[in-house]
Amino acid sequence: MIEKLSFHPNLADKPHAAYIGFQLCLEGPFSALCSDNVWKQRRKDFSNYLKKSRVENDYYKTFIKCSDRMVNIMLESSSGVDSNALCAAVAHDVALKSMFSIETSLVYHPEIVALLTRIKEVASILTLNSPIISPLFRILQPLADIMFGKLVELRKLILGEIDNQLKSNQQPLQEELPLSINMILRIRRDNESEKRMFKQLHEVFLTSGHTVGTKLANVISLLGVLPDIQERAWQEQDEIFGNDIRDPTIADLNQMKFLDRFLKECYRFLGPPFLAKMATADINVDGITIPRGTLVIYLLRFIKLHPKYWRNPNIFDPDRFLDEDDYLKCSYTPFGIGVRSCPGEYFATMFMKITLSKILRRLKLRPVEKDFRFEDIKFKSFLLLEVENSPMLEVEERI
Ligand code: HEM
C-alpha cells in the first residue's frame with residue numbers, strides 16, 4: 001500500500017500545514033508543490049548535482065579532507081567529544097564546499113554552529129506542532145523573520161563570496177558551477193525576488209548540512225555505546241586496510257558490508273518519524289478511495305519498530321539486513337520513497353562511510369560516563385528522529 005501510494009503522482013506534495021516551520025525558511029524542492037515549475041527545476045538541479053558520478057569525482061576530496069580534520073579534532077579532545085557540535089560543524093563545512101564552493105572551517109567556530117542548531121530546532125518544533133501553531137502563524141511569522149535575520153551575517157558572507165565567483169566567471173558554463181551559483185544565476189535571470197534567493201540558498205544549506213550533521217552525530221553516539229558492534233566494524237576495516245593508512249577508495253567503500261548494515265540499522269532507529277503528503281486528486285488504491293485534499297501521514301517510526309515487519313524490533317541488530325528479502329522494502333524508508341524521496345542519499349552515505357571508516361581505523365570510542373548503555377539512549381522526534389541525550393565520548397587512539 002505504502003509503495004503504491006508513494007509513487008502515485010497525486011500523492012507527492014508536502015502539505016504546507018504539516019511542514020509549516022520549514023515554509024518559513026525554505027523555498028525549493030523541499031516545500032514546493034510538484035505542479036510548480038520551481039519544484040521541477042530545483043529537483044532537476046539537486047538530482048544533477050547529487051548524482052553518483054558527481055559525488056565520487058567532485059566531492060570525494062572534500063569528504064576526505066573534512067573527515068581527516070574531524071578525526072584530528074577528536075584526538076585532541078582530552079575532556080571528551082561532543083559529537084553533536086563537531087558533526088554539525090563538519091557537515092556544514094562539507095556542504096559549503098560542495099554546494100557553494102566556499103572553503104570554511106566551522107569546526108573551529110562552535111558559536112555559529114550553535115546558532116544554526118537552534119534555528120533548525122525552532123523550525124522543527126514549529127513543524128511538529130503545526131496544528132496548534134497554524135492559527136498563530138501570522139503572529140509568529142515576524143518573530144521568525146527576526147530570528148532568521150540572525151543568519152544575515154552568514155548570508156552576506158556567502159553571497160559576497162558567490163558574487164566574487166560570478167565576477168570571475170563572466171560566461172559561466174552552467175554544468176561546472178556549484179549548485180548555489182547556478183540557482184542564483186537562474187533566479188536573477190528570471191527576476192525573482194531576493195527573498196526567494198535567500199530561501200533557496202538556505203534550503204541547500206539546511207538540507208545538505210543539517211541532515212548529515214545530525215545523522216553522523218547520532219551514528220557516532222550509537223557506535224560509542226555498542227562496543228561489540230564497534231569491534232566488528234573495526235575488524236572489517238582491518239581486513240580491508242590492514243596497516244595501510246591510505247584513504248578509502250570507492251572500491252574499498254563498496255566492500256564495507258558490515259558498515260552498510262550498521263548504518264541501515266542506525267537509520268531504522270533514527271530515520272524520519274513521519275512523512276506527510278497531500279492528495280491532489282482522488283486516489284484509488286487496493287479498493288480504497290482517498291479523497292482529494294486528504295492529508296496522508298506515514299507513521300514511519302511506528303512501522304520501523306513494528307513486530308509485524310521486524311524480528312525483535314527493539315534489538316539493535318545490523319545482521320537483520322543479511323536476509324533483506326524477509327523485510328518489506330517500504331517498512332524501511334530513511335530517505336523517503338517515491339517521487340519526493342531524498343536526492344542526497346548517495347552524497348550523505350558516502351561522506352558518512354568515509355568518516356566512519358577513518359574514525360574506526362584510528363580511534364576507539366566509549367562513553368565518558370562508563371555505565372552509559374544503548375538502553376539509556378533516548379530518542380526525540382524532530383523532523384528527523386534524533387538522539388536526545390548523546391553521551392560525551394572518550395577517545396583512545398588505536399596503535
Ligand atoms: C543522512 C542524511 C539525510 C537524510 C536522513 C535525509 C532524509 C530526507 C527525507 C526523509 C526527505 C523527505 C522525503 C519525502 O518527503 O518523501 C528528504 C528530502 C530531501 N532531501 Fe534529504 N536527507 C539527507 C541528506 C540530504 C542531503 C545531503 C541533501 C542535499 C545535498 C538532501 C536534499 C534533500 C532535498 C532537496 C529533499 C526534497 C526532495 C523533494 O521534495 O523533491 N538531503 N531527505
Side-chain angles (χ1 to χ4, degrees), residues 1-44 46-47 123-141 144 196 199-200 203 206-207 211 267-268 271-310 313 327-345 381-385:
M1 177 88 164
I2 287 190
E3 191 161 25
K4 286 181 193 157
L5 283 177
S6 301
F7 288 97
H8 202 290
N10 297 336
L11 196 71
D13 286 342
K14 295 180 205 285
H16 285 193
Y19 288 94
I20 203 158
F22 284 82
Q23 286 301 310
L24 295 175
C25 52
L26 306 183
E27 189 167 346
F30 202 94
S31 53
L33 303 178
C34 285
S35 52
D36 187 342
N37 281 339
V38 171
W39 180 76
K40 289 188 189 126
Q41 184 57 58
R42 307 295 179 231
R43 174 86 204 183
K44 216 165 121 194
F46 267 97
S47 305
S124 293
I125 290 167
L126 290 180
T127 293
L128 291 176
N129 295 295
S130 58
I132 309 161
I133 286 174
S134 290
L136 302 174
F137 185 66
R138 276 175 198 212
I139 305 167
L140 285 171
Q141 172 79 58
R196 173 164 266 197
K199 283 190 167 192
Q200 298 227 328
E203 178 172 84
L206 205 80
T207 49
T211 47
Y267 288 147
R268 192 172 68 84
F274 76 95
L275 289 178
K277 310 275 154 150
M278 180 67 80
T280 51
D282 287 0
I283 296 172
N284 292 302
V285 173
D286 295 342
I288 298 171
T289 302
I290 301 175
R292 179 171 181 264
T294 309
L295 170 63
V296 179
I297 298 189
Y298 302 6
L299 295 175
L300 299 182
R301 176 79 178 141
F302 176 76
I303 297 169
K304 282 187 292 186
L305 293 175
H306 198 295
K308 184 173 161 196
Y309 306 115
W310 307 91
Y327 298 104
L328 284 175
K329 213 169 92 198
C330 295
S331 59
Y332 172 78
T333 52
F335 292 91
I337 180 170
V339 284
R340 299 300 291 262
S341 69
C342 176
E345 177 170 359
S381 215
F382 276 156
L383 203 64
L384 298 176
L385 206 78

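Keep in mind that what you see is a predicted model, and the values were worked out from it rather than measured.
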Evaluate the side-chain proximity of Val296 to Leu11: yes if any heavy-atom separation is below 4.5 Å, no if none is.
yes
For Ile303, is there any backbone N or O sitting under 3.5 Å from a side-chain donor or acceptor partner on Trp310?
yes
Ring centroids only, cut at 6.0 angstrom: are Phe302 and Phe274 within range, meaning strictly under it?
no
Could you tell me whether the side chain of Pro272 reaches within less than 4.5 Å of the side chain of Arg301, counting heavy atoms only?
no
What's the separation between atom CZ in Arg43 and atom CZ in Phe30, rounded to the nearest 0.5 Å?
11.0 Å
Which pair of heavy atoms, one from Gly293 and one from Met278, lies closest together, and at what distance?
O-SD, 3.2 Å
What is the minimum heavy-atom distance between Ala279 and Ile283, and which atoms define it?
CB-CD1, 4.0 Å
Quick one, Cys34 and Arg340 - any side-chain contact, counting heavy atoms below 4.5 Å?
yes
Test item: Thr280 side-chain N/O and Asn10 main-chain N/O as donor-acceptor pair under 3.5 Å
yes
Do any N or O atoms from the side chain of Arg42 and from the backbone of Asn37 form a donor-acceptor pair under 3.5 angstrom?
no
Can you tell me if Lys40 has over 12 outside heavy atoms packed within less than 6.0 Å of its NZ?
yes
Using a 4.5 Å cut-off on heavy atoms from C-beta on, say whether the side chain of His306 contacts that of Pro313.
no
Without swapping roles, check the side chain of Asp282 against the backbone of Arg292 for a donor-acceptor pair under 3.5 Å.
yes
Leu300 versus Thr333: any side-chain heavy-atom pair under 4.5 Å?
yes
Side-chain touch Phe46/Glu203, heavy atoms, less than 4.5 angstrom
yes
Would you check if Tyr298 and Lys277 make a side-chain contact, meaning some heavy-atom pair closer than 4.5 Å?
yes
Tell me the closest heavy-atom pair linking Tyr267 and Pro334, and the distance in Å.
CB-CB, 3.7 Å
Run the side chain to side chain donor-acceptor pair (under 3.5 Å) check on Thr289 and Asn284 step by step: do they pass?
CA-CA 5 Å; Thr289 302; Asn284 292 302; 2.6 Å; yes
